[in-house]
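The structure appears right after this line, and notes come after that.
Start at 1 and go down the list; that is how both ligands and their atoms are numbered. Treat the numbers as computed from the prediction; the structure is a model and nothing was measured.
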Amino acid sequence: MLQASDFRRLIIVVFSATLFGWAIDDITLALLIALSLYSLWLHRNISQLLNWIRYRKNQEAPDLPGVFEDLCREMDYSRERHRKRKKKLGSYLKQFQLATRALPDGTVVLDERGTVTWANKAAQTYLGIRWPDDAGQRITNLIRLPEIAEFVDENKRLSSIDIASPTNPDIHLNVRITPYGNAQRLFVARDVTQLHRANRIRRDFVANVSHELRTPITVLRGYLENMSSQREQCPPAWQKALGQMLEHVARMQSIVEDLLVLSKLEQGDEIEHLEVVSVASLIADIQRESQLLKTRYEHMFALEVDTSLEIFGSPKELHSCFSNLVYNAIHYSGKSKIIEIRWYQDESGAHFAVKDNGVGIAQQHLARLTERFYRVDTARDRSQGGTGLGLAIVKHVLTRHGGSLHIESELGKGSTFRCDFPLKSIVAPEVPEEIDRSA
Ligand code: ADP
């Protein structure tokens with residue numbers, strides 16, 4: 001805004017020019033000369049101001065009159081504010097960097113292409129990534145593990161992965177990637193060696209106990225079966241007890257067998273020898289084996305099986321997985337029910353689905369069904385002879401095959417258990433024929 005002093009100066013210039021013009025009898029010329037000089041003076045002030053703003057940031061403001069003085073003051077004030085904010089941000093950044101550097105987890109900041117833009121000290125210990133030496137390098141070039149390459153490229157599929165530390169194979173790391181800001185990602189590797197060790201101790205303990213119990217239980221069962229085949233020789237008071245003992249010992253044997261299967265499945269993350277598995281033959285075997293239950297449940301099967309669809313996997317494990325689902329459907333359906341079994345392929349992969357119209361499961365149980373010994377109705381489910389380990393086995397088998405379990409159920413209406421296998425599991429996947437629409 002024009003100040004009073006500027007206004008006064010302008011009036012004086014115009015007035016003096018007019019007087020002078022009147023004296024020389026050419027007011028227009030006098031005014032023209034005066035205003036041109038005034039413009040030159042303004043231009044000189046603006047140049048000085050610009051010069052100061054551009055090149056003399058750290059010097060004091062030039063001594064300029066009127067509105068220029070105000071401009072200089074404003075400029076000084078905003079520069080001071082900017083300097084203070086910068087200092088504050090700098091100190092925050094320093095604090096933040098000190099804090100993240102002290103984080104016990106290996107932390108690496110990646111840009112959208114997966115190149116390292118920052119890393120803390122623990123990243124060097126656990127991942128061998130040195131900051132700032134490795135700045136600008138792709139993380140997949142620094143950690144040469146196929147699982148890391150896959151994880152970084154498509155980190156949405158898995159929430160985290162476990163790897164052995166590239167710097168020390170005795171250290172186990174859990175790696176997570178969290179997207180943030182402008183397409184940046186935080187790559188965090190946590191040392192889970194203790195947890196890993198505790199898990200291994202638990203697994204070994206369960207496997208050893210099951211193994212040790214296997215023989216005595218088999219012997220006990222043998223004797224009990226022997227005794228019950230000569231029931232008439234037993235005192236009447238013992239006969240009922242004998243039946244119950246046999247029933248419980250059979251259950252204990254099933255639990256021990258299932259625990260041993262689970263321990264074996266847990267021993268490795270992947271199957272060592274993949275075979276071509278004809279799921280259609282597996283389904284036929286399971287159907288045949290389930291005939292034993294026919295007299296009790298009078299169930300029927302409705303099959304929709306793609307006989308040409310085969311996958312890579314372990315026939316033994318897949319048999320155990322599918323038979324668990326089919327037996328559950330038989331057990332939890334009630335009498336004379338139809339059990340639908342489908343084996344098919346679509347654009348996402350191969351699928352094995354078992355649908356029953358039995359008791360169904362309430363929604364709140366679905367997420368926990370694959371936990372060991374989880375039962376919806378403990379008394380009812382035990383009476384069906386289940387161990388509570390079947391779905392845990394199913395989940396493990398599927399994980400080892402790169403697949404997943406999908407459960408849909410409605411209380412009183414029935415359930416569908418679907419095993420999803422990825423496209424890469426399918427043996428020579430069929431390429432759908434192009435339909436020539438132009439014809
Ligand atoms: P179990 O050996 O007891 O059947 P599972 O792990 O196979 O153990 O199943 C866990 C629980 O899930 C079962 O106890 C049962 O309550 C429920 N369940 C499994 N399959 C079905 C089904 N098809 N219909 C209803 N409930 C089911």
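Not a single donor-acceptor pair under 3.5 Å links the side chain of Arg418 to the backbone N or O of His351. Panel note: side chain Gln239, backbone Arg231; a donor-acceptor pair is recorded below 3.5 Å. Without hydrogens or angle criteria, Asp134 side chain to Ile129 main chain gives no donor-acceptor distance under 3.5 Å. Here the side chain of Arg176 pairs no donor or acceptor atom with the backbone of Arg190 at under 3.5 angstrom. The backbone N or O of His299 lies less than 3.5 Å from a partner atom in the side chain of Lys294, making a donor-acceptor pair.
A donor atom on one side chain and an acceptor atom on the other are not found under 3.5 Å apart for His172 and Asp162.
At a 4.0 Å cut-off, not a single heavy atom of Asn324 sits close enough to ligand 1 to count as contact. Ligand 1 lies nowhere less than 4.0 angstrom from a heavy atom belonging to Gly358. Ligand 1 lies within reach of Phe417, whose nearest heavy atom is under 4.0 Å from it.
Not a single N or O atom of Val359, backbone or side chain, sits closer than 3.5 Å to an N or O atom of ligand 1. Among the atoms of Leu391, some N or O lies under 3.5 angstrom from an N or O of ligand 1. Note: no N/O pair closer than 3.5 Å links Asp377 and ligand 1 by distance alone. Between Val376 and ligand 1, at least one N/O pair is under 3.5 Å apart.
Residue contacts with ligand 1, taken as heavy atom pairs separated by less than 4.0 Å, involve Asp356 solely via side-chain atoms from C-beta onward.
With sequence neighbours left out, the ring-ring contact (aromatic ring centres under 6.0 Å, His included) criterion links Phe373 to no other residue. For Tyr126, there are no ring-ring contact (aromatic ring centres under 6.0 Å, His included) partners, not counting sequence neighbours.
Applying the 4.0 Å criterion to heavy atoms of Thr387 picks out, from ligand 1, the atoms 1 (P), 2 (O), 3 (O). Close approach of ligand 1 to Tyr374 is summarised as follows: ligand atoms under 4.0 Å from at least one heavy atom of the residue are 10 (C), 11 (C). Within the listing of ligand 1, atoms 24 (N) sit less than 4.0 angstrom from a heavy atom of Ser415. Each of the atoms 3 (O), 14 (O) of ligand 1 lies under 4.0 Å from some heavy atom of Arg375. Those atoms of ligand 1 with a heavy atom of Gly388 less than 4.0 angstrom away are 1 (P), 2 (O), 3 (O), 6 (O), 8 (O).
With salt bridges taken as basic N to acidic carboxylate O contacts below 4.0 Å, none links Asp76 and Arg79.
When the options Thr416, Asn328, Leu325 are ranked by their closest heavy atom to atom 19 (C) of ligand 1, first place goes to Asn328.
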